[in-house]
2 protein chains.
Amino acid sequence: MTPSRKKPNINCSPVDTSHFFGFAVSVDCVIFGFDENVLKVLLIKSDLPTFQDKWSLLGDLVELDEDLDSASYRVLKDRTGLENVYLEQVHTFSSVGRHPAGRVVSTAYFSLVNARHHQLRQLANELHWHPVADIQEMAFDHMEILNTCLAALQKKIQEEPIIFNLLENKFSLRELQYLYEAILGVKLDRRNFRKKLFTTGLLVDVDEMEENVPHRPGKLYTFNHGRYSNMKKKTFVGIDF
Amino acid sequence: MTPSRKKPNINCSPVDTSHFFGFAVSVDCVIFGFDENVLKVLLIKSDLPTFQDKWSLLGDLVELDEDLDSASYRVLKDRTGLENVYLEQVHTFSSVGRHPAGRVVSTAYFSLVNARHHQLRQLANELHWHPVADIQEMAFDHMEILNTCLAALQKKIQEEPIIFNLLENKFSLRELQYLYEAILGVKLDRRNFRKKLFTTGLLVDVDEMEENVPHRPGKLYTFNHGRYSNMKKKTFVGIDF
DNA sequence: TTTTACTTGTGTATATTAGACACAATAATA
DNA sequence: TATTATTGTGTCTAATATACACAAGTAAAA
């Protein structure tokens with residue numbers, strides 16, 4: 001249909017391609033936290049005139065000498081002070097008009113942090129934890145990014161035990177269940193939940209009670225990162241549409 | 001640790017950010033096909049001096065007025081003549097030194113095409129179908145991109161019935177099984193495979209035999225895109241690590 | 001033509017997992 | 001003290017995964 005284009009492929013022909021180097025690249029981090037049994041996301045108030053009073057994700061332009069993962073870690077560290085956080089690339093958003101400042105392609109990451117971490121108690125005042133369920137609109141295309149990342153998170157927690165990144169080191173089974181329910185948006189049967197979790201071998205009893213930790217009811221457990229039986233993989237030979 | 005950076009966040013402060021607009025953005029398409037019971041990928045010979053005689057994925061720089069999806073469709077159409085192909089964004093690769101021509105961030109897509117489609121019979125002579133299993137090295141970071149996309153494909157075909165995009169309109173169960181085996185790299189039990197496929201409701205008998213289609217043994221079926229029982233979703237409330 | 005090799009089509013029995021379901025004891029609150 | 005909410009615990013049933021054998025048909029080779 002369309003006549004074949006004359007512009008050579010950059011992978012194949014060393015020609016002048018300087019006019020293509022007009023993009024900016026950014027990262028946007030969907031930082032999830034769990035507090036008061038609600039899944040929350042850390043947002044910042046936009047002061048771009050275009051998005052007056054809208055909230056936006058934490059993000060930044062990528063420097064010419066850093067890659068996307070590094071840029072995301074940098075954003076996380078600069079904004080929250082946290083290091084060694086769980087971070088995962090999800091999708092790259094590239095609508096032509098998505099940013100008023102020009103052609104900015106943005107790669108979305110989601111991040112899981114412990115919202116009660118001491119470094120997060122006093123946040124910079126333009127930062128705020130929002131319950132994910134309450135968010136109706138955001139600046140830029142950030143609502144779409146948030147929805148995409150939430151879907152990715154919902155899927156991922158069913159495949160790998162990354163969810164503990166959202167909890168304190170020690171937690172009760174009830175907390176864990178509430179967290180699953182908050183992320184997945186479903187109610188789970190408590191007894192079946194317990195049964196399933198224990199068969200994974202992921203949970204380890206914690207005997208000692210801490211002194212200075214606020215008391216929460218229930219037996220406390222901690223995650224056993226190393227050995228867990230990858231149950232889904234065992235039934236993975238099949239073709240489960 | 002690191003002192004907080006002074007550069008304002010682009011999402012929040014309308015400042016001069018022109019020095020960030022020095023990136024090029026590209027797409028690379030991992031075009032999968034199935035022929036002679038082998039999973040293949042369509043490659044092009046690189047003639048960049050840096051990658052003399054290495055094969056590379058089909059890709060192109062993204063124009064300043066198009067988004068990534070459009071760019072991928074364009075590459076597919078220009079290179080293969082095919083439209084309405086299955087295309088899915090997988091990951092964005094951004095190592096600082098990944099492209100000799102400058103700072104090029106590339107978003108990888110995988111694509112599923114019918115390798116026996118008539119438009120593909122006579123390919124431009126720099127294009128070639130390579131068995132995925134035989135590929136040892138490629139230009140740029142394309143080996144990593146290929147591996148990432150293969151893993152994404154393996155996962156995806158267990159979740160959604162996209163696999164028919166690799167087959168002719170009519171196919172035998174045996175062909176379908178070989179295709180699954182080729183992608184997943186496993187052997188499947190023929191009887192269990194049949195049972196499972198039929199319970200999905202995805203397959204429809206094809207009674208009439210075509211005249212001008214080369215004869216392949218076995219009963220022919222066609223895919224029933226509309227209704228299929230999403231079996232995995234039924235057991236989705238659980239937490240399957 | 002006969003033989004051989006390969007492919008197709010079909011069913012059952014077992015093990016694993018998912019999911020539904022109730023009640024007594026304890027802790028917190030009014 | 002009464003009330004309310006939360007915790008801990010086990011069994012039964014249904015669905016699914018998986019292992020497994022043989023007879024008939026087709027194509028190729030002798």
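Numbered from 1 within each chain, the chains take letters A, B, ... in sequence-line order. Quick note: numbers below take in every heavy atom, side chains included, and nothing from hydrogens, waters or symmetry partners.
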Visitor: For ring-ring contact (aromatic ring centres under 6.0 Å, His included), just list the numbers for A:Phe223 and A:Phe171, CA-CA rounded to whole Å, side-chain angles, deciding distance to a tenth of an Å, and then say yes or no.
Guide: CA-CA 9 Å; A:Phe223 260 101; A:Phe171 51 87; 5.2 Å; yes
Visitor: Please determine whether any donor N or O and acceptor N or O are separated by less than 3.5 Å between the side chain of B:Arg191 and the base of D:dA21.
Guide: yes
Visitor: In whole angstrom, what separates B:Lys196's NZ from C:dG11's C1'?
Guide: 18 Å
Visitor: What is the distance, to the nearest angstrom, from the CD atom on B:Glu181 to the C1' atom on C:dT7?
Guide: 14 Å
Visitor: Please report, rounded to the nearest Å, how far the P atom of D:dG8 is from the CD atom of A:Gln177.
Guide: 11 Å
Visitor: CZ of B:Arg194 versus P of D:dC20: gap in Å, rounded?
Guide: 20 Å
Visitor: For B:Asn37 and C:dC6, give me the distance from atom CG to atom P, rounded to whole Å.
Guide: 15 Å
Visitor: Please tell me which of the listed nucleotides, C:dT8, C:dA20, C:dA18, lies nearest to the side chain of B:Arg174?
Guide: C:dT8
Visitor: Testing B:Val113, B:Val75, B:Leu42 one by one against B:Thr80 for a side chain to side chain contact (heavy atoms under 4.5 Å, CB included), which residue passes?
Guide: B:Leu42
Visitor: Does the pair B:Lys77/B:Glu83 count as a salt bridge with the N-to-O cut at 4.0 Å?
Guide: yes
Visitor: Toward the 5' end of DNA chain C, which comes first, B:Asp189 or B:Tyr178, by nearest nucleotide?
Guide: B:Tyr178
Visitor: Side-chain donor or acceptor of B:Arg190 under 3.5 Å from a matching atom on the base of C:dG9?
Guide: yes
Visitor: State which of D:dG8, C:dT10, C:dG19 makes the closest approach to the side chain of A:Asn192.
Guide: C:dG19
Visitor: Classify the angle between the aromatic ring planes of A:Tyr180 and A:Phe193 as parallel (below 30°), tilted (30 to 60°) or perpendicular (above 60°).
Guide: perpendicular
Visitor: Is there a ring-ring contact (aromatic ring centres under 6.0 Å, His included) between B:Tyr178 and B:Phe34? Walk through the geometry before answering.
Guide: CA-CA 10 Å; B:Tyr178 281 140; B:Phe34 183 61; 8.1 Å; no
Visitor: Write down the distance between CZ (A:Phe193) and P (C:dT17), rounded to a whole number of angstrom.
Guide: 18 Å
Visitor: What is the distance, rounded to the nearest whole Å, between atom CZ of A:Phe171 and atom P of D:dT6?
Guide: 20 Å
Visitor: Could you state the atom-to-atom distance from CG of B:Leu220 to C1' of C:dT7 in whole Å?
Guide: 15 Å
Visitor: Please confirm whether any donor atom in the side chain of B:Lys195 sits under 3.5 Å from an acceptor in the base of C:dT12, or the reverse.
Guide: yes
